[in-house]
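Working notes, beginning with the structure itself.
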Amino acid sequence: MLTSRHLLGIEGLSKDEITQILDLSETYVRQNRQANKHSNALNGLTQVNMFFEASTRTQASFEIAGKRLGADVMNMSMAASSISKGETLIDTAMTLNAMHPDLLVVRHPHSGAVALLAEKVNCAVLNAGDGQHEHPTQALLDALTIRRAKGRLHRLTIAICGDIAHSRVARSNMFLLGKMENRVRLIGPRTLMPSGIDQLGVEVTDNMAEGLKGADVVMMLRLQKERMDGGFIPSTREYYHRWGLDNAKLANAKPDAIVMHPGPMNRGVEIDGVLADDLNRSVIQDQVEMGVAVRMAVMDLLARGPQRKEAIYV
Ligand code: NCD
């Protein structure tokens with residue numbers, strides 16, 4: 001069981017809770033590889049997915065996860081919702097809340113919006129990515145992928161490369177990998193490093209060869225142009241030349257280093273397409289597989305959790 005009623009970020013999870021989630025995920029990895037993928041942890045419960053931002057894998061993953069656990073799953077199409085008629089996020093949430101959902105999965109372009117919403121409803125809220133803040137289930141699925149590939153989740157050197165400043169994936173991973181006592185190195189142009197990063201207990205460099213030296217894991221990030229208002233990089237060609245991962249740059253890492261990417265990836269911008277498909281190095285498809293199992297585990301644990309607030313509209 002988790003201490004919190006919600007999963008809003010990795011920052012609020014303990015090391016033991018992370019391990020508990022990953023251990024339960026293993027059960028679901030096995031279940032998902034069988035012909036019959038159903039179990040009943042969420043039987044009778046209602047899960048609502050509210051995605052205010054584009055998503056392919058995260059939304060599909062949460063939907064499949066809920067259905068495999070027996071929940072009634074509804075996907076709200078937020079573009080067609082009353083938000084477009086001027087209703088506030090909170091009013092939409094309160095309206096849904098009155099229909100008694102048990103799990104609310106929310107993605108929103110503003111950092112902190114999901115936490116705000118969680119204060120107003122009486123069910124478990126899962127953050128599926130809020131602005132540049134956190135994307136906890138992504139970090140958990142990355143952790144499960146690393147633990148399975150490397151046999152452990154501590155004392156590894158993990159390089160996170162690219163657009164760190166705009167990445168909630170990088171933030172959640174920094175929290176998680178730090179808590180599990182790994183060495184985290186951030187690599188990317190100075191313009192794409194968040195301010196105050198040096199205080200977070202991570203190493204920072206703008207040099208790929210230097211940063212990848214001795215890395216067990218190389219995690220690439222997408223250039224999040226939709227979050228940039230101006231010229232953060234000279235050109236995508238120049239960016240690929242200096243920070244795009246190809247075999248030549250990867251040769252600086254350990255010979256058995258794995259390559260990760262949360263998706264969606266821009267081939268030829270942050271990663272070479274052939275390398276991304278190289279199953280000897282790339283675990284990108286494993287990450288997607290682990291995503292369903294991790295989301296099943298988290299929803300299972302939250303459904304057992306410290307339950308519902310009694311009064312809704314107080
Ligand atoms: C990421 C996200 O939305 O934060 N994608 C994902 O969930 N797999 C990363 C990204 O958009 O680049």
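Residue numbers run from 1 in the order of the sequence given. Counting starts at 1 for both ligands and their atoms, following the listed order.
- Under 3.5 Å, the side chains of Thr58 and Gln138 contain no donor-acceptor pair of N or O atoms.
- Residue-ligand proximity, Gln138 to ligand 1, at heavy-atom distances under 4.0 Å covers atoms 6 (C), 7 (O), 8 (N).
- The shell of residues lying under 4.0 angstrom from ligand 1, judged by heavy atoms, includes Gly263.
- Asp272 and Lys249 are not joined by a salt bridge, as no carboxylate oxygen comes within less than 4.0 angstrom of a charged side-chain nitrogen.
- Of all protein heavy atoms, the one lying nearest to atom 4 (O) of ligand 1 is Arg168 NE, 2.7 Å.
- Here is the list of ligand 1 atoms found below 4.0 Å of a heavy atom in Gln224: 10 (C), 12 (O).
- Of the possible polar contacts, none joining the Ser172 side chain to the Ile10 backbone as a donor-acceptor pair under 3.5 Å is found.
- Some N or O of Pro262 is nearer than 3.5 Å to an N or O of ligand 1, by distance alone.
- For atom 11 (O) of ligand 1, the closest non-hydrogen atom of the protein is Arg222 NH2, 2.9 Å.
- Residue Arg57 approaches ligand 1 through these ligand atoms, each under 4.0 Å from one of its heavy atoms: 8 (N).
- Ligand 1 lies out of reach of Glu53, whose nearest heavy atom is not under 4.0 Å from it.
- Judged by distance alone, with hydrogens and angles left aside, the side-chain atoms of Asn97 form a donor-acceptor pair with the main-chain N or O of Asn122 at under 3.5 Å.
- Atom numbering of ligand 1 starts at 1 in the shown order; those under 4.0 Å from a heavy atom of Val169 are 1 (C), 4 (O), 9 (C).
- In this view, Asn173 and Asp142 satisfy the side chain to side chain donor-acceptor pair (under 3.5 Å) rule, not counting sequence neighbours.
- For Asn252 (side chain) and Leu212 (main-chain N/O), no donor-acceptor pair under 3.5 Å exists by modelled atom type.
- Gln287 and Thr145 form no side-chain donor-acceptor contact under 3.5 Å, judged by distance and modelled atom types alone.
- Residue, atom and distance of the protein heavy atom nearest to atom 7 (O) of ligand 1 are His135 NE2, 2.7 Å.
- Proximity to Arg107 (heavy-atom distance under 4.0 Å) selects the following atoms of ligand 1: 2 (C), 3 (O), 7 (O).
- A salt bridge does not link Glu134 with Arg171: every distance from a Lys NZ or Arg NE/NH1/NH2 to an Asp or Glu carboxylate oxygen is 4.0 Å or more.
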